[in-house]
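Note sheet for the following structure.
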Amino acid sequence: MGTIQEATLHPNADSLYIEIVDVGENLPRTVISSLVNFMPVEELQGKKAIFLCNLKPQKMRGILSEAMILCAETKDKQKCEIIMPPESAQPGDFVTVNGFDTPSSSDNRLKLKIFQTIAKDFLINDNGEATYKSLNWLVNGQNCTTRFLKNTPIS
């Protein structure tokens, strides 16, 4: 779980934002996201969100992205919404799913192909709750949710 401290337009791409994110580590992470067409930059300032922090950092248009923000997105990619952790969540809190092990640290790198394999089972359900294999994503025992999108994949 992280909090976006600052968001700006990417200088080399009209469709990308650069976000500086507190994920509970000594230093904030830089995250590049393609949310420009879905929300104004002002809406991202101070926003809590779920970030995948154990992917290998990757350059996007010349700037290193050190995590990935997770969103609900319609299959036609016309609507996108950030998945919200519970209001009480703090930067660095882990997302858990009952029955699955919690990672010991964000240094446990997940290969992109593995992520793509498991991501097909990420879904926002009828109640707007983020799930993995129909089991709810939890932060401190509370659901991660969307406000508007339901029955959509998570990407």
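Position 1 is the first residue of the sequence, and the numbers go up from there.
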- Scan side-chain atoms only and decide if Thr30 and Glu19 contain a donor-acceptor pair under the 3.5 Å cut-off. no
- Check for a donor-acceptor pair, side chain of Thr131 on one end and backbone N or O of Ile124 on the other, with a separation under 3.5 Å. no
- Item | In one Ile/Leu/Val/Met/Phe/Trp/Tyr side-chain cluster, 4.5 Å: Leu55, Tyr132 | yes
- Message: Quick check: closest heavy atoms across Glu43 and Lys47, and the distance to 0.1 Å?
- Response: O-CD, 3.6 Å
- Task: Take atom NZ of Lys150 as the centre, draw a 6.0 Å sphere, and report whether it contains more than 12 heavy atoms from other residues, nucleotides or ligands.
- Result: yes
- Task: Give a yes or no on whether Ile118 and Val97 share a hydrophobic cluster (residues Ile, Leu, Val, Met, Phe, Trp, Tyr; joining criterion: side-chain heavy atoms under 4.5 Å apart).
- Result: yes
- Message: Quick one, Thr8 and Ile20 - any side-chain contact, counting heavy atoms below 4.5 Å?
- Response: no
- Query: If you take all heavy atoms of Pro28 and Gln5, which pair is closest and at what distance?
  - Reply: CB-OE1, 3.6 Å
- Task: Answer with yes or no whether the hydrophobic clustering places Leu44 together with Ile32; edges join I, L, V, M, F, W, Y residues whose side-chain heavy atoms lie under 4.5 Å apart.
- Result: no
- Item | Common cluster, Val31/Met39, ILVMFWY with side-chain heavy-atom separation under 4.5 Å | yes
- Message: Can you give me the closest heavy-atom contact between Val23 and Gly2, atom names plus distance?
- Response: CG1-CA, 4.1 Å
- Message: For a 4.5 angstrom cut-off between non-hydrogen side-chain atoms, does Asp93 reach Pro85?
- Response: no
- Item | Point-to-point distance, once rounded to the nearest 0.5 Å, from NZ of Lys48 to CG of Asp22 | 11.0 Å
- Task: Please report the C-alpha distance between Leu123 and Ile154 in whole Å, then the side-chain angles of each, then the deciding distance to 0.1 Å, and finally whether the side-chain contact (heavy atoms from CB on, under 4.5 Å) criterion is met.
- Result: CA-CA 5 Å; Leu123 181 70; Ile154 296 171; 5.6 Å; no
- Spatial distance of atom CG (Asn37) from atom NZ (Lys77) [nearest 0.5 Å]: 13.0 Å
- Task: Go through the steps to decide whether Cys144 and Leu138 satisfy the test side-chain contact (heavy atoms from CB on, under 4.5 Å), and finish with yes or no.
- Result: CA-CA 6 Å; Cys144 300; Leu138 305 171; over 6 Å; no
- Determine the sole option in Ile83, Leu70, Val21, Val95 for which the side chain to side chain contact (heavy atoms under 4.5 Å, CB included) test with Phe51 is passed. Val21
- Message: Can you tell me how far apart CG (Asn136) and CD (Gln142) are? Round to the nearest 0.5 Å.
- Response: 12.0 Å
- Query: Between Gln58 and Ser65, does any side-chain donor sit less than 3.5 Å from a side-chain acceptor?
  - Reply: no
- Task: Give a yes or no on whether Val36 and Ile4 share a hydrophobic cluster (residues Ile, Leu, Val, Met, Phe, Trp, Tyr; joining criterion: side-chain heavy atoms under 4.5 Å apart).
- Result: yes
- Query: Once you round to the nearest 0.5 Å, how far does CD1 of Ile50 lie from CH2 of Trp137?
  - Reply: 7.0 Å
- Message: If I compare all heavy atoms of Val139 with all of Ala89, which pair ends up nearest, and what's the gap?
- Response: CG1-CB, 3.7 Å
- Query: Taking all non-hydrogen atoms of both residues, which atom of Asn143 and which atom of Pro86 are closest, and how far apart?
  - Reply: O-CD, 3.7 Å
- Message: For the backbone of Cys53 and the side chain of Arg29, can you confirm whether one donor and one acceptor N or O come within less than 3.5 Å of each other?
- Response: yes
- Message: So, taking the atom named OG in Ser88 and the one named CE in Met1, what distance separates them when rounded to the nearest 0.5 Å?
- Response: 9.0 Å
- Distance-only side-chain donor-acceptor flag, Asp76 / Thr74, under 3.5 Å: yes
- Task: Working to the nearest 0.5 Å, report the span between CE of Met60 and CG of Leu16.
- Result: 5.5 Å
- Query: With a 3.5 Å cut-off and no angle check, do the side chains of Asn125 and Asn151 form a donor-acceptor pair?
  - Reply: no
- So which of Glu73, Glu81, Gln78 actually passes side chain to side chain contact (heavy atoms under 4.5 Å, CB included) with Phe38? Glu73
- Would you check if Val41 and Leu9 make a side-chain contact, meaning some heavy-atom pair closer than 4.5 Å? no
- Task: Measure across Gln45 and Glu6 and return the closest heavy-atom pair with its distance rounded to 0.1 Å.
- Result: OE1-CA, 3.4 Å
